[in-house]
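The chains referred to below are lettered A, B, ... by the order of the sequence lines, with proteins before strands, and numbering in each begins at 1. What you are looking at is a predicted structure, and each value in this text was computed from that prediction instead of being measured.
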Amino acid sequence: MRYIPSTSEQQKEMLKEIGVSSFEELLTSIPENVRLKKKLNLPPALPENELEENIASIAQKNIDFYRMKPLIGAGAYRHFIPEAEKALLQREEFWTCYTPYQPELSQGTLQAIFEFQSHISRLTKMEVVIPSIFDGASATAEAVLMSIRLTHKEKIIISPLLHPHYRETIKTYVEPHNIEIVELPLQDGATSADMLKQSLDNNTAAIVVQSPNFLGGVEDIQEIVEITHQNDALFIQVIVEAMSLGLLKSPGNMNVDIVAGNTQSFGLDLSFGGPHNAFLATKKEYVRQLPGRIVGETKDRDGKRVFVMTLRAREQDIRREKATSNICTNHNLNVMAGNIYLSLLGTEGLYQYSLLNFKKAHYLEKELLKSGKFTNPFPYPYFNEFLINYQGNIEELRKRLIENNFIPPLSVWQFYPEEKFRQSLLFAVTEIFSRDELNKISNLLSQ
Amino acid sequence: MKLIFEKSFPGRIGFSKPTDLFDDIKLEESIPIKYLEKNKKQLTEVSEVDVIRHFTKLSKFNYGVDDGLYPLGSCTMKYNPRINEKMAGLANFSYAHPLSFPDMAQGSLELIYRLDKLLCEITGMDKYTMAPASGAHGELTGVLIMRKYFLDHGEKRHKMLIPDSAHGTNPASAAMAEFEVVEIKSNENGTVDLESLSHAMDGETVGLMLTNPNTVGLYDEGIESIQKIIHDKGGLLYYDGANLNASLGIIRPGDAGFDVVHLNLHKTFSTPHGGGGPGSGVVGVKSRLIPYLPTPVVALEESSGKYYFKDVGEKSIGMIRSFWGNFSVLVKTFAWILSLGPEGLYECSKASIINANYVLAKLKEYYKPAYDRYCGHECTLTGREYKKYGIKTLDIAKRLMDYGFHPPTIYFPHFEPYADETIMIEPPESEGKEVLDDFINTMIAISKEAKENPELLTSAPRRTPITRTDDAMAVRRPILTYDDELRLKDELNYQEKDINF
């Protein structure tokens, strides 16, 4: 086996040194009754060339996803990834190493994480950043648990326009604890401040609002943060489309308490929904209740600036059942990817890309509305995703898009089974679409 | 080394400029200004060349499995095959949108479905969920399944038994399910003390979370009694798969009575650790627990031969993340299993067990083992006897770096009186004999240095990019972003001389 260097001769020598005559003697502490007595019933080993053909043939059962540009987002966005990022991520030093417990041998990873924290802090205007939770949904659930620890209150209010998977994940994480979850009723394309006022009480730990929300709308965060704070509750903003951070007002400038942000849009493949990465950002005063790992700056014995994992007294390997979370392995390589991506884009690039996402989405919406076949159900401001109602046959529309190599937009009906959403489509338009393509799409759908 | 922000130069760009800026769409006509940030967010301004050089240099400050032995105990730092990476990177996989119609993603769905079957055969379980993103995430999923099972059967069980040798994630995960953690002491053999276990196990107890071989590297010889004690009282047995690398083709958790298992695909199944993830912590269960798995799972419609997402039903614990799993990690796992076949998997475990016992046999004279008996795929030694020379186990670990090795896991597991000052060494199957001999000779040389020239150890490492770090200062005065550093410099008015920024 090419992954096992020692030959059977060498293994025999080693067994001799150990002082046994056979490998079996090393296994005597496994009771005979529970030993596996047959060979595993698995396909025989494939040579590398056959393996490659075999798996490629499975992949070919997917449509040609590279060619098919998605008009669907809904929590996973296709953005262009610069080749320089991909090339740097190939460096084995970044991806074959472990969690950076030994700072002397992992300054590369540690400094990159520190830089990512700094990037996110500047993008969100929040003071402290946990760089890596698995994804936006689990990060949001961790933010909710954190808000309960901070307030010792027992009620959580969630916006109906939070991504459905995120809402489900919060419920799963919170279920064992004695916590009431109130999901506000869905009215239209934005979280209702009136409904929120009615639900908020002095037992409310936090309110969770996604902006831009699941139907694309940019929420009036400032207004609802104020209402939330008047009731001594914490405000958690969820950001699913990180690209919006390049343009929209920073959570920190709106007095948001905790931000849970999915960073898939910062240089990560779609990869059928995972792995993503998410950050948690908050105020310095809440740092002791943060889950997960964080990197800080210090010095080494020579007085050099160096980076280490820090504030570790919150973590499971030290505090065990009293830890702020069980999280251990996170998604650090995706932090590396995000950091490289943001470094390449820089101040100007992130702004331009973000602006292009905005403009291209608005261009397509405008063109679609011109045709008279579409109407806008909720005229809220949006970033790069918009909800639109189609007057024609949705099946037909889908077919036409697929035939022309576009993945159709999301039918919102599958997540909000209400009559008013029967004809509603959620379009996501990122910078990857050209004007010609957008014109082609609007022509196709205007016939 | 400078931060990327310190390399910024006004006007430099590292991205390729789009040609059509869509100037016909006016920002201010499309969104009220109050929703927008007033100024561009300040990141950095560097060229693509700057970025390539910056991160290439950073990479040289790291040590990976490709650089040499990485014997971290309970972490299984084995070789990450290149073909796996290529397979996961196939465009049809990597560009697949998770909400595209099942018809469009039959290949991705088939791979998930077939991986489930392979993992079931390897571990003796009945069904897997691919959703969990890491080992700890798998543990949380597993304990929530156990919790839901008892609720569904009208039982209120609130305690979870966990051996003192367990990973910290076990008690932390149990606490997230609101279970009270009851610690079970290890016996003089380093395994679960059966008397304590049967004393602790009762009708209010969910069950036991067990790693096997455990974190000391020892198979629990009492596994049959353990499962009987737990099951007789109606409990469930949880298998922490962190150490599965000692078991492939040898013993299956499903046959040994485990009801729920999580596997760290980034350990046993060769997918890379990535400097701390992403990995995958898939969870397998016995048939009676299938109704409680996270939703959805992939199913096959026999009549049409089509794969689809199936809702698990109302008993499901629900979703534990967005979408379906860390898919690219699943592709790598699938590729690895197919590369090895049944004999290859067995050979992996065999080679790793021989490696660990070889290291143990050669080093036990110099570093007293926590338990002097044959081990599984890792061995636990101690650095106790060097205390009298003023040497801590940490010093031994740091000195190893000067010889070009990544140190083993140290100070874990920790339980008195057997396991303190521990050095847990896991030399996986991808390490050949001559690499182990080098390591062994180095460890012996260090033991000599500890006695004769301890300063070499306490001042180590000297041959790494940096020397030992002041971790206490990092906590005392947290600098968590570059802007923190700038503020601090400002406050101190550049007076502080003890950090060379």
Asker: Quick one: of B/S30, B/G344, B/P32, who has the most non-hydrogen atom pairs under 4.5 Å with chain A?
Answerer: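 With the most close heavy-atom pairs to chain A, the winner is B/S30.
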Asker: Backbone N or O of A/L245 within a donor-acceptor pair of the B/K41 side chain at under 3.5 Å?
Answerer: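 Answer holds: yes.
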Asker: Under 4.5 Å from any heavy atom of chain B, what part of A/E431 do you find: side chain, backbone, both or neither?
Answerer: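 Answer is neither: A/E431 stays 4.5 Å or more from chain B.
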Asker: State, with a plain yes or no, whether a side-chain heavy atom of B/T464 is found less than 4.5 Å away from one of A/Q102.
Answerer: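 The answer is no, as the side chains (C-beta and beyond) never meet within the 4.5 Å cut-off.
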Asker: I need the minimum non-hydrogen distance between B/I25 and A/Y363, along with the two atoms involved.
Answerer: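 In this case the closest contact between B/I25 and A/Y363 is CD1-CA, 3.7 Å.
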Asker: B/E347, B/M176, B/R252, B/E48: which one forms the most heavy-atom pairs within less than 4.5 Å of chain A?
Answerer: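 Of B/E347, B/M176, B/R252, B/E48, B/M176 has the most heavy-atom pairs under 4.5 Å with chain A.
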Asker: A/F23 versus chain B, heavy atoms under 4.5 Å apart: side chain, backbone, both or neither?
Answerer: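 For A/F23, the contact with chain B is made by the side chain alone.
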Asker: Taking all non-hydrogen atoms of both residues, which atom of B/H137 and which atom of A/Y173 are closest, and how far apart?
Answerer: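 For B/H137 and A/Y173, the tightest heavy-atom pair comes out as NE2-OH, 3.1 Å.
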Asker: side-chain hydrogen bond (donor to acceptor under 3.5 Å, both in side chains) for B/S108 and A/N62? Distances and angles first, verdict last.
Answerer: CA-CA 7 Å; B/S108 300; A/N62 282 354; 2.8 Å; yes
Asker: Out of curiosity, A/R312 CZ to B/D471 CG, how far, rounded to the nearest 0.5 Å?
Answerer: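 Between atom CZ of A/R312 and atom CG of B/D471 there are 9.5 Å.
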Asker: Give a yes or no answer on whether the side chain of B/D66 reaches the backbone of A/E92 with a donor-acceptor pair at less than 3.5 Å.
Answerer: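 Not at all, since once roles are kept as given, no pair shorter than 3.5 Å links the two residues.
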Asker: Could you tell me how the ring of B/H273 sits relative to the ring of A/Y98: parallel (under 30°), tilted (30 to 60°) or perpendicular (over 60°)?
Answerer: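 Rings of B/H273 and A/Y98: tilted, as their planes differ by 30° to 60°.
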Asker: Can you name the nearest heavy-atom pair linking A/D269 to B/S94, along with the distance?
Answerer: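 For A/D269 and B/S94, the tightest heavy-atom pair comes out as CB-O, 3.5 Å.
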Asker: If you look at every heavy atom in B/P342 and A/L40, which pair is closest and at what distance?
Answerer: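 Looks like CB-O, 3.4 Å.
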Asker: Contact part of A/I318 toward chain B, heavy-atom cut-off under 4.5 Å: side chain, backbone, both or neither?
Answerer: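 Contact with chain B involves no heavy atom of A/I318 at all.
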Asker: Please verify the inter-ring angle class for A/H119 with B/F5; under 30° counts as parallel, over 60° as perpendicular, anything in between as tilted.
Answerer: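 Rings of A/H119 and B/F5: tilted, 30 to 60°.
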Asker: Indicate whether any N or O donor in one side chain lies under 3.5 Å from an N or O acceptor in the other, for B/N80 and A/T96.
Answerer: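 Per modelled atom types, B/N80 and A/T96 side chains form no pair under 3.5 Å.
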Asker: Test side-chain hydrogen bond (donor to acceptor under 3.5 Å, both in side chains) on A/Q117 and B/T481 and set out the steps.
Answerer: CA-CA 6 Å; A/Q117 290 168 194; B/T481 64; over 6 Å; no
Asker: If you apply the rule side chain to side chain contact (heavy atoms under 4.5 Å, CB included), what do you find for B/Y374 with A/S29, and how did you get there?
Answerer: CA-CA 8 Å; B/Y374 297 133; A/S29 55; over 6 Å; no
Asker: Side chain from CB out, backbone as N, CA, C, O: work out which of these in A/T310 comes under 4.5 Å of a heavy atom of chain B, or both, or neither.
Answerer: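 When you check distances to chain B, only side chain atoms of A/T310 fall under 4.5 Å.
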Asker: Can you tell me if NZ on A/K284 sees more than 12 non-hydrogen neighbours from other groups inside 6.0 Å?
Answerer: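 Yes, because the 6.0 Å sphere around NZ of A/K284 holds more than 12 heavy atoms from other groups.
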Asker: Please tell me if the side chains of B/S270 and A/Y3 come closer than 4.5 Å, counting only heavy atoms from C-beta onward.
Answerer: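 Result no, sub-4.5 Å side-chain heavy-atom pair not found.
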Asker: Check each atom of A/M1 against the heavy atoms of chain B and say whether the ones under 4.5 Å are side chain, backbone, both or neither.
Answerer: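 Contact with chain B involves the side chain of A/M1 alone.
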Asker: Is the closest side-chain donor-acceptor distance between A/R301 and B/T467 under 3.5 Å?
Answerer: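 No, no side-chain donor-acceptor pair sits under 3.5 Å.
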Asker: So among A/N262, A/D135, A/T169, which one has a side chain to side chain donor-acceptor pair (under 3.5 Å) with B/S322?
Answerer: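 When side chain to side chain donor-acceptor pair (under 3.5 Å) is applied between B/S322 and each of A/N262, A/D135, A/T169, only A/D135 qualifies.
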Asker: A/I340 versus chain B, heavy atoms under 4.5 Å apart: side chain, backbone, both or neither?
Answerer: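 Contact with chain B: backbone and side chain both.
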Asker: Do the side chain of B/D255 and the main chain of A/L36 share a donor and acceptor less than 3.5 angstrom apart?
Answerer: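 No; judged by distance alone, with no hydrogens or angles, the pair does not exist.
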Asker: Given heavy-atom pairs under 4.5 angstrom as the criterion, report whether the side chain, backbone, both or neither of A/K359 touches chain B.
Answerer: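 For A/K359, the contact with chain B is made by backbone and side chain together.
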Asker: Measure from the side-chain N and O atoms of B/R321 to the backbone N and O of A/A137, and report whether any donor-acceptor pair falls under 3.5 Å.
Answerer: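 No; zero donor-acceptor contacts below 3.5 Å.
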Asker: Return yes if some donor-acceptor pair links the side-chain N/O of A/T172 with the main-chain N/O of B/I317 below 3.5 Å, else return no.
Answerer: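 The answer is yes, because a donor-acceptor pair under 3.5 Å joins these two groups.
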Asker: Tell me which of these, B/D483, B/D484, B/N355, has more heavy-atom pairs under 4.5 Å with chain A than the rest.
Answerer: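 Result: the option with the highest number of such pairs is B/D483.
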Asker: Determine the minimum heavy-atom distance between A/A76 and B/H97, stating which atoms define it.
Answerer: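 Shortest heavy-atom separation between A/A76 and B/H97 comes out as O-NE2, 2.8 Å.
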Asker: What part of A/L88 is in contact with chain B, defined as an atom under 4.5 angstrom from a non-hydrogen atom: side chain, backbone, both or neither?
Answerer: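 The side chain, not the backbone.
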Asker: Which atoms of A/I18 are under 4.5 Å from chain B, going by heavy atoms: the side chain, the backbone, both sets, or neither?
Answerer: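 Backbone plus side chain of A/I18, per the 4.5 Å heavy-atom cut-off to chain B.
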Asker: Would A/E93 and B/K60 pass as an ion pair if we require N to O under 4.0 Å?
Answerer: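 B/K60 and A/E93: not salt-bridged.
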Asker: Measure across A/P176 and B/E178 and return the closest heavy-atom pair with its distance rounded to 0.1 Å.
Answerer: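 That would be O-CG, 3.3 Å.
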Asker: Is it the case that the side chain of A/Q111 and the backbone of B/L58 share a donor-acceptor pair, with hydrogens and angles ignored and the cut-off at 3.5 Å?
Answerer: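 Not a single qualifying donor-acceptor pair exists.
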Asker: Please classify the contact between A/N41 and chain B as side chain, backbone, both or neither, with a heavy-atom cut-off of under 4.5 Å.
Answerer: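 Looking at A/N41, backbone and side chain both touch chain B.
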Asker: Any side-chain heavy atom of B/Y35 sitting closer than 4.5 Å to one from A/D220?
Answerer: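 When only atoms from C-beta onward are counted, A/D220 and B/Y35 do touch, with a gap below 4.5 Å.
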Asker: Examine whether an atom of A/E127 lies under 4.5 Å from a heavy atom of chain B, and if so say whether it belongs to the side chain, the backbone or both; otherwise answer neither.
Answerer: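 Interface part for A/E127: backbone (N, CA, C, O).
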Asker: Does any part of the side chain of B/F15, heavy atoms only, come nearer than 4.5 Å to the side chain of A/P82, both counted from C-beta?
Answerer: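 No, too far: nothing below the 4.5 Å cut-off.
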Asker: Side chain, backbone, both or neither: which part of A/Q352 has a heavy atom under 4.5 Å from chain B?
Answerer: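 Answer is side chain: those atoms of A/Q352 sit under 4.5 Å from chain B.
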Asker: Among the options B/I13, B/V329, B/L99, B/V46, pick out the one with the most heavy-atom pairs lying under 4.5 Å from chain A.
Answerer: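 Counting heavy-atom pairs under 4.5 Å, the top option is B/L99.
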Asker: Side chains of A/Q316 and B/T169 only: does a donor on one sit below 3.5 Å from an acceptor on the other?
Answerer: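 Per modelled atom types, A/Q316 and B/T169 side chains form no pair under 3.5 Å.
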Asker: Kindly indicate, with the supporting measurements, whether the criterion side chain to side chain contact (heavy atoms under 4.5 Å, CB included) is fulfilled by A/L27 and B/I353.
Answerer: CA-CA 9 Å; A/L27 304 178; B/I353 293 167; 3.9 Å; yes
Asker: So which of B/A256, B/A397, B/S339, B/S100 has the biggest tally of heavy-atom pairs under 4.5 Å with chain A?
Answerer: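 Highest number of pairs under 4.5 Å: B/S339.
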Asker: Looking at B/K78, B/R12, B/E221, which makes the most heavy-atom pairs under 4.5 Å with chain A?
Answerer: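 Among the listed options, the one with the most contacts to chain A is B/E221.
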Asker: Would you sort out whether B/D470 and A/T298 count as a side-chain hydrogen bond (donor to acceptor under 3.5 Å, both in side chains), showing the intermediate values?
Answerer: CA-CA 6 Å; B/D470 188 342; A/T298 185; 4.8 Å; no
Asker: Of the backbone (N, CA, C, O) and the side chain (C-beta and beyond), which part of A/S121 lies under 4.5 Å from a heavy atom of chain B, both, or neither?
Answerer: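 Interface part for A/S121: side chain.
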Asker: Any chance the rings of B/F323 and A/H165 have centres within less than 6.0 Å?
Answerer: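 Yes, ring centres under 6.0 Å apart.
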Asker: Without hydrogens or angle criteria, can the side chains of B/E139 and A/N326 be said to hold a donor-acceptor pair below 3.5 Å?
Answerer: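 No, A/N326 and B/E139 have no side-chain donor paired with an acceptor closer than 3.5 Å.
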Asker: Could you go step by step and tell me if A/K366 and B/D24 meet the salt bridge (charged side-chain N to carboxylate O under 4.0 Å, His left out) rule?
Answerer: CA-CA 11 Å; A/K366 225 169 157 179; B/D24 45 327; over 6 Å; no
Asker: At a heavy-atom separation under 4.5 Å, does A/D64 approach chain B through its side chain, its backbone, both, or neither?
Answerer: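 Contact with chain B: backbone and side chain both.
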